[in-house]
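Written below as structure tokens is the structure these notes are about.
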Amino acid sequence: MDCPWNFEMSASYSAHPSAIIDEGAQIGEGSRIWHFVHVCSGAKIGRGVSLGQNVFVGNLVQIGDRCKIQNNVSVYDNVTLEEGVFCGPSMVFTNVYNPRSLIERKSEYKNTLIKRGATLGANCTIVCGVTVGEFAFIGAGAVVNKNVPAFALMVGVPAKQIGWMSEYGEQLNLPLRGEGSALCAHTGKRYILANDVLTIAVV
């Protein structure tokens, strides 16, 4: 199959010739790896993943199917992205909470989990040790230093919740707390807020 991006084709994925893919890295079918990417040997990358220019993927990293990681993002050890996570340009992960150049803290790496369908906006920072819930939406430039509920819309420094987002990626007309319901105009799904938790109604 011809590849218009001048990519080198493996048995199942495509990579630009400038990319460095260490032996042992697992990369799923249909994934595309762009210019100057470095994927370390222990990385596990799913199917249909896009790694933009200058992306780094560490050894102890798992990236689920259909994730999109935009330019200049480093996914460090102990970060897990579930299916369909979007990482905006130049957003930041960390894996040590209190780093010092003169003190070795590799044994203190904290796990970071980004759940299915979440969006991490351009230039946001995800401080290590947190979980970002399913289909949460982190605004551009926000700094997340605590766990984020599913479907939550988070902005600011430090990030605070200002609303709720649908799976489709648009804000829902719901209060932050209490109870309520809203219908997604694009999908027809009904969202139910109860006890400060948002869920999709079972049909």
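Reckoned from all heavy atoms, side chains included, excluding hydrogens, waters and symmetry mates. Predicted model only: the values in this text are computed from it and were never measured.
- A continuous path of hydrophobic side-chain contacts links V49 to Y13 [ILVMFWY only; heavy atoms under 4.5 Å].
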Tell me, with the steps shown, if L172 and L198 meet side chain to side chain contact (heavy atoms under 4.5 Å, CB included).
CA-CA 11 Å; L172 296 164; L198 190 67; 3.9 Å; yes

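- Using a 4.5 Å cut-off between side-chain heavy atoms of Ile, Leu, Val, Met, Phe, Trp and Tyr, with links allowed through other members, M154 and V143 fall into different hydrophobic clusters.
- Checked by atom type and distance alone, the side chain of W34 never pairs as donor or acceptor with a backbone atom of A15 at under 3.5 Å.
- Ring geometry, H38 versus F56: the interplanar angle exceeds 60°, so the pair is classed perpendicular (tilted spans 30 to 60°).
- What you find for T131 and N147 is that their closest heavy atoms are N-OD1, 2.9 Å.
- The distance from the OG1 atom of T94 to the CG atom of N145 is 10.5 Å, given to the nearest 0.5 Å.
- Within 6.0 Å of the CZ atom in R177, the count of heavy atoms belonging to other residues, nucleotides or ligands exceeds 12.
- When all heavy atoms of I21 and I33 are compared, the closest pair comes out as CD1-CD1, 3.7 Å.
- No side-chain donor-acceptor contact under 3.5 Å links S74 to the backbone of Y76.
- In this structure, N173 places its CG atom where only 12 or fewer heavy-atom neighbours from other residues, nucleotides or ligands lie under 6.0 Å away.
- For the residue pair V132 and I114, the shortest heavy atom distance occurs at CG2-CD1, 3.6 Å.
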Could you walk me through whether N78 and N111 satisfy the side-chain hydrogen bond (donor to acceptor under 3.5 Å, both in side chains) test, starting with their C-alpha distance in whole Å, then the side-chain angles of each, then the deciding distance to 0.1 Å, before giving a yes or no?
CA-CA 5 Å; N78 292 55; N111 297 328; 2.8 Å; yes

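- Between atom CZ of residue F86 and atom CD of residue Q70 there is a gap of 4.0 Å, rounded to the nearest 0.5 Å.
- Within the 4.5 Å cutoff, no side-chain heavy atoms of V127 are placed close to those of K146.
- Listed here is the closest heavy atom pair of D65 and G46: OD1-CA, 3.3 Å.
- Interatomic distance, Q171 CD to S166 OG, rounded to the nearest 0.5 Å: 10.0 Å.
- Aromatic ring pairs are classed by plane angle as parallel below 30°, tilted from 30° to 60° and perpendicular above 60°; the pair F151 and Y191 is perpendicular.
- Ion pairing of E134 with R116 is present here, as a side-chain N (NZ or NE/NH1/NH2) and a carboxylate O approach within less than 4.0 Å.
- K110 NZ to D77 CG: the interatomic distance, rounded to the nearest 0.5 Å, is 15.5 Å.
- Under the 4.5 Å side-chain heavy-atom criterion for Ile, Leu, Val, Met, Phe, Trp and Tyr, Y109 and V75 are members of distinct hydrophobic clusters.
- Note that CD of E23 and OG of S41 are 8.5 Å apart. Values are rounded to the nearest 0.5 Å.
- Ionic pairing of R66 and E83 is present here: one or more N-O contacts between side-chain nitrogen and carboxylate oxygen are shorter than 4.0 angstrom.
- If you take CG on N71 and NE2 on H35, they are separated by 10.0 Å, rounding to the nearest 0.5 Å.
- You'll find the side chain of I126 stays beyond 4.5 Å of the side chain of V92, heavy atoms only.
- Across all non-hydrogen atoms, the minimal contact from I69 to I63 is CD1-CD1, 3.6 Å.
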Run the side chain to side chain contact (heavy atoms under 4.5 Å, CB included) check on L81 and C87 step by step: do they pass?
CA-CA 10 Å; L81 310 181; C87 297; 4.0 Å; yes

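- Closest heavy-atom contact between C40 and N59: CB-OD1, 3.5 Å.
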